[in-house]
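Numbers here are sequence positions counted from 1. Keep in mind that the numbers below use all heavy atoms, side chains included, and drop hydrogens, waters and symmetry copies. None of the values given here were measured: they were computed from a predicted structure.
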Amino acid sequence: MSPPEGFPMIAPVGLCGMAVRFSDTLSEPANRAALAFRAAMEKESWDGVEEVSTSLTSAFVRFDPLHLSHDTLEAQLREMLSAQDWYKAALPGGRRHFRIPCVLGGEQGPQFADAAAAAGLSEVQARAELCDARPRVLTIGFAPGQPYTGELPAHWDIPRLKDLTPKVPQGALVVAIRQLIIFANDTPTGWRHIGQTAFRCFRPEADEPFALRPGDEISLRAIEAEELQAIRERDQDGLGGAEIEGIA
């Protein structure tokens, strides 16, 4: 794709931050660019740069202004941006695919039927389509380790609810605006609660507390409520029975 007009752009964020923005709307190429640029920045390991992270379509660079001036960093970033077409860049290595057991619909997913109807699908079609999908972890946000994944096909561009659901449980699968989220904690939400997993996105006791990383991919294995309970009873690592494989 051609870069959106005016992008990529560089913008200061306070005293010690710089944002490299690839779009003002979510798209696969813009998210790809942000992930690839972040990985390249981490390999560069510039003196004075303390952290690089990503949002849906941007890379954020936190730096020490006592060791690296705004002007110098901006010049380095512009040179790096001009080195290649980041919208067509290869995704970073080390990505993983998580196949996560999930109950879709019923008491565990009380808004599944509503979401399917909003997408113009029957419940059978919606279940098959969601289980065939393999969305990318676009970014981590809102709560520790919580993944925003997508994008689903265009007919899943369904709006958030007008009213908040007071609480959905940890591990809830929710959907809106072509994205799926597995909630890291019990929380109120305006996204439709369509399923339930035993997957813990945030495991503070683990060596790697965030189970998922931007660039990873997930898919769903449809199960019944009884199997979900059995997974919970035997789950030792907090990954909810997920099968994990590397992505070549």
So do the side chains of [X] and [Y] get within less than 4.5 Å of each other, counting heavy atoms only?
{"X": "P166", "Y": "P188", "answer": "no"}
{"X": "R160", "Y": "I177", "answer": "yes"}
{"X": "K167", "Y": "T187", "answer": "no"}
{"X": "L68", "Y": "Q76", "answer": "yes"}
{"X": "P214", "Y": "R38", "answer": "yes"}
{"X": "I231", "Y": "P101", "answer": "yes"}

- request: Mark yes when over 12 heavy atoms from residues, nucleotides or ligands other than E224 sit less than 6.0 Å from its CD; otherwise mark no.
  value: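 No, the 6.0 Å shell around CD holds no more than 12 heavy atoms from other groups.
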task: Evaluate salt bridge (Lys or Arg N to Asp or Glu O under 4.0 Å) for R136 paired with E217, printing each intermediate quantity in order.
output: CA-CA 4 Å; R136 178 193 305 159; E217 297 174 6; 5.5 Å; no
Atom pair [atom1]/[atom2] of [X] and [Y] - distance to nearest 0.5 Å:
{"X": "Q196", "Y": "C102", "atom1": "CD", "atom2": "SG", "answer": "7.5 Å"}
{"X": "S58", "Y": "M18", "atom1": "OG", "atom2": "CE", "answer": "13.5 Å"}
{"X": "I247", "Y": "R96", "atom1": "CD1", "atom2": "CZ", "answer": "9.0 Å"}
{"X": "S122", "Y": "R127", "atom1": "OG", "atom2": "CZ", "answer": "9.5 Å"}
{"X": "T57", "Y": "E28", "atom1": "OG1", "atom2": "CD", "answer": "12.5 Å"}
{"X": "E44", "Y": "M80", "atom1": "CD", "atom2": "CE", "answer": "5.0 Å"}

[X]: which other cluster members, linking ILVMFWY side chains closer than 4.5 Å, directly or transitively?
{"X": "L91", "answer": "L35"}
{"X": "F60", "answer": "V13"}
{"X": "L161", "answer": "none"}
{"X": "I100", "answer": "F98, L104, F112, L121, L130, V137, I140, L152, W156, I158, L173, V175, L180, I182, I194, F199, F202, F210, L212, I218, L220, L239, I244"}

Under a 4.0 Å threshold between the charged nitrogen and the carboxylate oxygen, would [Y] count as salt-bridged to [X]?
{"X": "E205", "Y": "R200", "answer": "yes"}
{"X": "R232", "Y": "E227", "answer": "no"}
{"X": "E208", "Y": "R213", "answer": "yes"}

Contact summary for [X] and [Y], nearest pair of heavy atoms:
{"X": "P144", "Y": "N185", "value": "CD-ND2, 4.3 Å"}
{"X": "Q84", "Y": "A89", "value": "OE1-CB, 3.6 Å"}
{"X": "S23", "Y": "A30", "value": "CB-CB, 3.7 Å"}
{"X": "H193", "Y": "Q111", "value": "N-OE1, 2.6 Å"}
{"X": "D237", "Y": "G240", "value": "OD1-N, 4.4 Å"}
{"X": "A34", "Y": "T54", "value": "O-CG2, 3.4 Å"}

Could you check whether any side-chain N or O of [X] sits under 3.5 Å from a backbone N or O of [Y], counting only pairs where one atom can act as donor and the other as acceptor?
{"X": "Q170", "Y": "D186", "answer": "no"}
{"X": "N31", "Y": "L138", "answer": "yes"}
{"X": "S82", "Y": "E79", "answer": "yes"}

- request: Given side chain to side chain contact (heavy atoms under 4.5 Å, CB included), test H97 with S219 step by step and report yes or no.
  value: CA-CA 8 Å; H97 171 219; S219 60; 2.7 Å; yes
- prompt: Any link between V20 and L26 through a network of hydrophobic side chains (Ile, Leu, Val, Met, Phe, Trp, Tyr) touching at under 4.5 Å?
  reply: no
field: Listed once per pair and sorted, the ring-ring contact (aromatic ring centres under 6.0 Å, His included) pairs that draw on residues 6-58, sequence neighbours left out
entry: F22-F37, F22-Y87, F37-W86
message: Determine whether D24 and M9 satisfy the following criterion, side chain to side chain contact (heavy atoms under 4.5 Å, CB included), listing intermediate values before the conclusion.
response: CA-CA 10 Å; D24 56 1; M9 67 166 58; over 6 Å; no
message: Side chains of H155 and E129 only: does a donor on one sit below 3.5 Å from an acceptor on the other?
response: yes
- line: Residues at least two apart in sequence or cross-chain that pass ring pair (Phe, Tyr, Trp, His ring centres under 6.0 Å) with H70, listed by chain then number, are F63
query: Which is it for V49 and R62 under the side chain to side chain contact (heavy atoms under 4.5 Å, CB included) test, yes or no, and what are the steps along the way?
result: CA-CA 6 Å; V49 171; R62 182 169 62 86; over 6 Å; no
field: side chain to side chain contact (heavy atoms under 4.5 Å, CB included) between R21 and I10, worked out
entry: CA-CA 6 Å; R21 300 178 58 203; I10 300 171; over 6 Å; no
